[in-house]
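Everything on this sheet refers to the single structure shown next.
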Amino acid sequence: MGVKVYISGISGNKEVKKRQQRVLMILDSRNIKYSVVDITEPGRESDRDYMQEKSTALGVTVSDTNPRHPLPPQIFNEKEYCGDYDQFDLSNENDELDKFLKLAPSDEVKVSNAEITLGNGNVEREIDSSEPVEADSAETPTVTADSTELEVDSTEKEAEVESTPDDADENEEPKDEESSKLPEEVADDAA
């Protein structure tokens with residue numbers, strides 16, 4: 001497996017624990033495969049020594065601004081060092097996580113399978129990742145709630161939005177020309 005996250009399962013530092021959780025949460029949410037190496041487990045002394053030896057960033061925290069050894073989490077791709085939490089977080093914010101993790105760029109667009117389960121237990125829609133999904137689908141969106149079906153037609157909504165002020169005046173009673181004139185205009189016409 002490519003990405004390895006070196007962590008401490010028994011750290012007393014809350015900031016280190018939160019950072020480890022955040023790294024793993026982000027990797028999970030991005031569907032990036034990784035393995036966790038807990039350097040505090042018995043028999044993992046060589047992994048701990050490797051992490052401390054190869055890590056160039058110390059993983060400085062607010063409570064420990066000058067640690068003697070690099071603090072977890074430290075991230076590697078196989079044997080290649082990627083960086084510490086701060087570098088990971090920055091690359092995530094800049095949308096450069098794949099580059100940071102030294103992952104090969106993928107030309108494949110991944111679409112996840114999604115289902116909507118309603119209160120009545122019915123599954124309304126399932127998207128298959130093998131089928132292409134087009135943005136300009138002619139399909140009318142349907143929303144189902146408790147066996148009541150509502151249809152929304154996008155063309156009707158556009159027609160309502162595009163109504164002009166002239167359309168609104170059609171329903172009003174026609175005014176005679178004299179009543180729509182200003183008093184000055186009436187006086188000018190009389191003269």
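The residues of the chain are indexed from 1 along the displayed sequence.
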If we check side chain to side chain donor-acceptor pair (under 3.5 Å) with Tyr85, which of these qualifies: Glu15, Lys18, Gln20, Arg22? Arg22

Counterpart residues, salt bridge (Lys or Arg N to Asp or Glu O under 4.0 Å), relative to Glu80 (two or more places apart): none

When rounded to the nearest 0.5 angstrom, what distance separates CD1 in Ile32 from CD1 in Ile26? 9.5 Å

Rounded distance [0.5 Å steps], CD1 in Ile7 versus CE in Met51: 11.0 Å

Connected hydrophobic set around Leu90, excluding itself, where side chains approach under 4.5 Å: none

Hey, does Val5 have a side-chain heavy atom less than 4.5 Å from the side chain of Val37? no

Sequence neighbours excluded, which residues qualify as side-chain contact (heavy atoms from CB on, under 4.5 Å) partners of Gln21? none

Taking the side chain as every heavy atom from C-beta outward, state whether Leu103 and Asn77 have any pair of such atoms under 4.5 Å apart. yes

Please tell me if the side chains of Asp49 and Ile39 come closer than 4.5 Å, counting only heavy atoms from C-beta onward. no

Hits for side chain to side chain donor-acceptor pair (under 3.5 Å) against Asp98, two or more places apart or cross-chain, chain-then-number order -> none

Side chain to side chain donor-acceptor pair (under 3.5 Å) partners of Tyr50, counting only residues at least two apart: none

Going by an N to O cut-off under 4.0 Å, is there a salt bridge joining Arg19 and Asp89? no

Value for SG (Cys82) from CG (Asp84), rounded to nearest 0.5 Å, stands at 11.0 Å

Using a 3.5 Å distance criterion without hydrogens, assess whether the side chain of Ser91 forms a donor-acceptor pair with backbone atoms of Phe100. no

Please name all residues satisfying salt bridge (Lys or Arg N to Asp or Glu O under 4.0 Å) with Glu53, sequence neighbours left out, ordered by chain then number. none

Please answer whether the main-chain N or O of Glu96 pairs with a side-chain N or O of Asn94 as donor and acceptor at a distance below 3.5 Å. no

Spacing of OG belonging to Ser55 relative to OH belonging to Tyr81, to within rounding of 0.5 Å: 4.5 Å

Atom CD in Gln74, atom NZ in Lys54: separation rounded to 0.5 Å? 14.0 Å

Going by salt bridge (Lys or Arg N to Asp or Glu O under 4.0 Å), name the residues that satisfy it together with Asp47, two or more places apart in sequence or in a different chain. Arg44

If every non-hydrogen atom of Ser8 is compared with every non-hydrogen atom of Ser11, which pair is closest and at what distance? OG-N, 3.3 Å

Could you go step by step and tell me if Leu101 and Leu27 meet the side-chain contact (heavy atoms from CB on, under 4.5 Å) rule? CA-CA 10 Å; Leu101 294 172; Leu27 291 173; 3.8 Å; yes

Across all chains, not counting sequence neighbours, the side chain to side chain donor-acceptor pair (under 3.5 Å) partners of Asn92 are none

By side chain to side chain donor-acceptor pair (under 3.5 Å), which residues pair with Asp28, not counting sequence neighbours? Tyr34

I'd like to check the ring pair (Phe, Tyr, Trp, His ring centres under 6.0 Å) partners of Tyr6; sequence neighbours left out, ordered by chain and number. Phe76

